[in-house]
Amino acid sequence: MATPATRKIGASAVFTWLTAAALAIDLLLIAGLLVLVAMNGAGAFWPRTVVALALDDGSRALGEIHTREAIPDPATGLLTDAMRIRLRTGNRDLSGIDFRWIEEASITSRETPGDVMLLERLEWGPFFGTPVEVRTGAGVVAQGPAATADALGPLLDAKIALRDRIRAIERGPIGDVNHAIERVRLQERRLEREAPPEPVR
């Protein structure tokens, strides 16, 4: 015959197992969510192949293919058999846009050029193009794709070092001066609140 104490122990064991099962399910859901985020998010940072497209109107497009989807019918909204691609063209300082939709039916040829360069810039986003020459204040440093690629390395290293020095100055001496100016401004505000100036008669 089960006593009240035995029934209490049995009930607590059931709740303990239910809690453990719920915790295990939660951990599995969290692990699945992390795997899903990693699988979908890693593609955003993985470099894609740069393609050059020739279109039927005689123009050309250069960039990375990001998505491919069916084109909806404007009248019905239903998807058709025609496909379009979303091309990341970059060069926002030249075209004003980062992405461009292109219908696959308008593509006459597609190639992967070997002399195209992708530069990740701090401003205006990525740059896609074929290097022609490198110029500095002293004039033309290099000409042609191969010479340009070789000359860009040391120049970029020098610019990165200069940027790091500028940031160190901004966070160091200039940051200290800005902090002191802000402290003086706050002291002035406090004095104005504590002893407001007398009105002019």
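Leu62 and Ile97 are assigned to two separate hydrophobic clusters, defined by single-linkage of ILVMFWY side chains at heavy-atom distances under 4.5 Å. By the rule that hydrophobic residues join a cluster once side-chain heavy atoms approach within less than 4.5 Å of another member, Phe99 and Leu53 end up as members of separate clusters. No continuous path of hydrophobic side-chain contacts links Ile65 to Trp101 [ILVMFWY only; heavy atoms under 4.5 Å]. Using a 4.5 Å cut-off between side-chain heavy atoms of Ile, Leu, Val, Met, Phe, Trp and Tyr, with links allowed through other members, Phe127 and Val50 fall into different hydrophobic clusters.
At least one side-chain heavy atom of Leu55 sits less than 4.5 Å from a side-chain heavy atom of Ile107. Side chains of Phe128 and Leu87 form no contact here, defined as non-hydrogen atoms less than 4.5 Å apart.
The two residues Ser106 and Ile102 come nearest to each other via the heavy atoms OG-CG2, 3.7 Å. For the pair Leu118 and Pro126, the tightest heavy-atom approach, listed with the atom from each and the gap, is CD1-CB, 3.7 Å. The shortest non-hydrogen separation linking Ala142 to Ala151 is CB-CB, 3.7 Å. The minimum heavy-atom distance between Ser95 and Gly90, with the atom names listed, is OG-O, 3.7 Å. Taking all atoms of both residues into account, the shortest heavy-atom contact from Gly77 to Pro72 is O-CB, 4.0 Å.
By the 6.0 Å contact criterion, CZ on Arg135 is open, its count of non-hydrogen atoms from other residues, nucleotides or ligands being 12 or less. Counting heavy atoms of neighbouring residues, nucleotides and ligands inside a 6.0 Å radius, atom CZ of Arg185 exceeds 12 of them.
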Practice prompt. Take Val134 and Gln143 through the side chain to side chain contact (heavy atoms under 4.5 Å, CB included) test and state the conclusion after the steps.
Written response: CA-CA 7 Å; Val134 176; Gln143 287 184 328; over 6 Å; no

Worksheet item: Are Arg100 and Arg86 close enough, and set up right, to give a side chain to side chain contact (heavy atoms under 4.5 Å, CB included), and what steps lead you there?
Response: CA-CA 6 Å; Arg100 174 182 174 190; Arg86 187 167 64 114; over 6 Å; no

Item to complete: Give the C-alpha distance, both sets of side-chain angles, the deciding distance and a yes or no for side chain to side chain contact (heavy atoms under 4.5 Å, CB included) between Thr136 and Leu155.
Response: CA-CA 9 Å; Thr136 64; Leu155 291 174; 4.3 Å; yes

Item to complete: Give the C-alpha distance, both sets of side-chain angles, the deciding distance and a yes or no for salt bridge (charged side-chain N to carboxylate O under 4.0 Å, His left out) between Glu194 and Arg189.
Response: CA-CA 9 Å; Glu194 292 174 355; Arg189 291 288 305 275; over 6 Å; no

Practice prompt. Assess whether side chain to side chain contact (heavy atoms under 4.5 Å, CB included) is satisfied between Arg121 and Asp93, documenting all intermediate values.
Written response: CA-CA 11 Å; Arg121 303 180 293 180; Asp93 52 334; 3.1 Å; yes

Item to complete: Go through the steps for Arg190 and Glu192 under the test salt bridge (charged side-chain N to carboxylate O under 4.0 Å, His left out), then give the verdict.
Response: CA-CA 5 Å; Arg190 188 177 66 248; Glu192 289 175 357; over 6 Å; no

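To the nearest 0.5 Å, atoms OG1 (Thr19) and CG (Asp26) are separated by 10.5 Å. Rounding to the nearest 0.5 Å gives a distance of 9.5 Å between NE2 of His66 and CG of Asp98. Interatomic distance, Met39 CE to Leu34 CG, rounded to the nearest 0.5 Å: 13.0 Å. To the nearest 0.5 Å, atoms CG (Leu23) and CG (Leu18) are separated by 12.5 Å. Note that the CD atom of Gln187 and the CZ atom of Arg183 stand 7.0 Å from one another [nearest 0.5 Å]. A distance of 9.5 Å separates CG of Leu79 from CG of Asp73, quoted to the nearest 0.5 Å.
Ion pairing between Glu104 and Arg68 holds under the 4.0 Å rule for side-chain N and carboxylate O. Taking a cutoff of 4.0 Å between a charged side-chain nitrogen and a carboxylate oxygen, Arg84 and Glu103 do not qualify as a salt bridge.
For the pair Arg92 (side chain) and Gly96 (backbone), a donor-acceptor distance under 3.5 Å is absent. Side-chain N or O atoms of Thr148 include none that pairs as donor or acceptor with a backbone N or O of Pro131 at under 3.5 Å. With hydrogens and angles ignored, the 3.5 Å screen pairs a side-chain donor or acceptor of Thr108 with a backbone N or O of Ala54.
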